[in-house]
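Here's the structure we're looking at; comments come further down.
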Protein chains: 2
Amino acid sequence: MSKLPLFDSPEIFQKLKPYLKTERFSKGAVIEESGFISKRLFFIQSGLIRVFYRTGGKEVCCHFAKEGEILTGIDSFFTGNPSIYTTQCIEETVCHSLTKEQLEWAFDHVEGMNRMGREFVTYAYIDLVERYNSVVTMSAQDRYQQFMQTQPEMLNRIPLGYLSTYLGMSQETLSRIRAQKA
Amino acid sequence: MSKLPLFDSPEIFQKLKPYLKTERFSKGAVIEESGFISKRLFFIQSGLIRVFYRTGGKEVCCHFAKEGEILTGIDSFFTGNPSIYTTQCIEETVCHSLTKEQLEWAFDHVEGMNRMGREFVTYAYIDLVERYNSVVTMSAQDRYQQFMQTQPEMLNRIPLGYLSTYLGMSQETLSRIRAQKA
DNA sequence: ATCCCTTTTTGACTTAGATCAAAAGATTAG
DNA sequence: CTAATCTTTTGATCTAAGTCAAAAAGGGAT
């Protein structure tokens, strides 16, 4: 979910600190399972997480969140309905979290927090629009290339099987695309 | 861009009213052309607008906004870069608009405005996530069906040629899908 | 009405990418 | 180190959807 201003904003971070719950998750650990209500917003200190949902017997990754970024089952966290998303660690991960109530409190009482939230979601939205457009107008090859150019460091961190579903293509197709430009 | 709480929130609407500029655009009129900086946020009172961009010699619709909804070249409006989007009226349209400066002012001075902005973008984001997922996991047929079920009233208002690009398929494919279930 | 122009439909052909299946490489646990 | 498991690659089809081209249907203007 795009860049997170929190860690760059020491004043806000200081104010929230007393409320943050810090946890360490090992590789493969599931942080939140689909079907439950997402109760926490996570600030990722280190590590890598994938967000996925199941459809037609398959898992489709719709997001990766790494150190410095924010994570939540956004649909559920804001609406209160059970989430369709499962969040799982791809690497060992350390994160700090707030409950929804604490976040709501912060929106009302921490100066600049509401604005930060709005700007954060706005940029996440802009990012997603681009991603959406790329699936509608670009070929599988081009989508991979674009990913390679914009987040080359992620190529080694995300298993091919996860990345392919994120890019909207089969694992075999991604493997072949990767092969042809050796 | 999803539902707009503004018209449902008389207090906020009253406060903004003095600053709103009201305009009427005829069918086919271009409200903002790509390549320019999007300077206004539009509240649509009546009518229907398409947002599109050009790629590979084609126009791709990425959004439709109708009465009661909000419109802006979101990328440009918030970042200040020239927009890649053109907004054009599909029907005769009446809307009220604010400049970016006025909106910023409102975020800081109109009680509840910042929160409204954040919630608005959050819901727009959630909507878009769903749309994104549908392009990645569903067939052209299923996407059309889904659109038919969720916004049946739009079928008669949006020309097929525009709708097809919005749904991420060729005009011919959409025509054929529509034909087979007479 | 009639002409012109835009939008939609229909037909024939092509292709990107999916699926199914199996081999080859990596990782992890014991 | 070796077995067992998981991940990636390679190969052989198959199909949904795209492209190109032309006909049909709608909509405005005069």
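Below, chain A is the first sequence line, B the second, and so on; all start at residue 1. Given the structure is predicted, the values throughout are model-derived calculations rather than measurements.
- Phosphate proximity of C/dT8 to B/S175: absent, as no side-chain N or O sits under 4.0 Å from OP1 or OP2.
- Set against C/dT8, D/dA17, C/dA18, the side chain of B/P159 has C/dT8 as its closest nucleotide.
- Of the two residues near DNA chain D, B/K27 and B/Q171, the one whose nearest nucleotide lies more 5' is B/Q171.
- Here the side chain of B/Q88 pairs a donor or acceptor atom with the backbone of B/G28 at under 3.5 angstrom.
- One interatomic measurement links the two molecules: CG of A/L167 to C1' of C/dA18, which rounds to 16 Å at whole-angstrom precision.
- Distances shorter than 4.0 Å separate some side-chain N or O of A/K58 from OP1 or OP2 on C/dT19.
- Within 4.0 Å (heavy atoms only), B/G168 reaches sugar-phosphate atoms of the nucleic acid but no base atom.
- For B/S170, whose side chain is taken as the heavy atoms from C-beta onward, the closest listed nucleotide among C/dG17, D/dG18, D/dT10 is D/dG18.
- The side chain of A/R176 approaches D/dA12 more closely than any other nucleotide in the set D/dA12, C/dT10, D/dT9.
- Aromatic ring orientation, B/F64 versus B/Y166: tilted (interplanar angle from 30° to 60°).
- A salt bridge is absent between A/E23 and A/R40; no separation between the charged side-chain nitrogens and carboxylate oxygens falls under 4.0 Å.
- Between the side chains of A/T86 and A/E33, at least one donor N or O lies within less than 3.5 Å of an accepting N or O.
- Salt-bridge check for B/E172 with B/R176: failed, with every basic side-chain N at 4.0 Å or more from each acidic carboxylate O.
- Straight-line distance from the CD1 atom of A/I90 to the P atom of D/dC6: 17 Å, rounded to whole Å.
- Taking atom CG of residue A/N156 and atom P of nucleotide C/dT27, one finds them 12 Å apart after rounding to whole Å.
- Computed from coordinates, the B/I177 CD1 to C/dT9 P distance equals 12 Å when rounded to whole Å.
- Note on B/S139: every side-chain N or O is 4.0 Å or more away from OP1 and OP2 of D/dA16.
- We find that CZ of B/R50 is positioned 9 Å from P of C/dT7, with the value rounded to whole Å.
- As rounded to whole Å, 13 Å separates atom P of C/dT27 from atom CG of A/L160.
- Place B/E172 and A/G161 on DNA chain D by their nearest nucleotides, and A/G161 ends up nearer the 5' end.
- Distance CE (B/M169) to C1' (D/dA16): 11 Å, rounded to an integer number of Å.
- Regarding B/L174, its CG atom lies at a distance of 14 Å from the P atom of D/dT19, rounded to whole Å.
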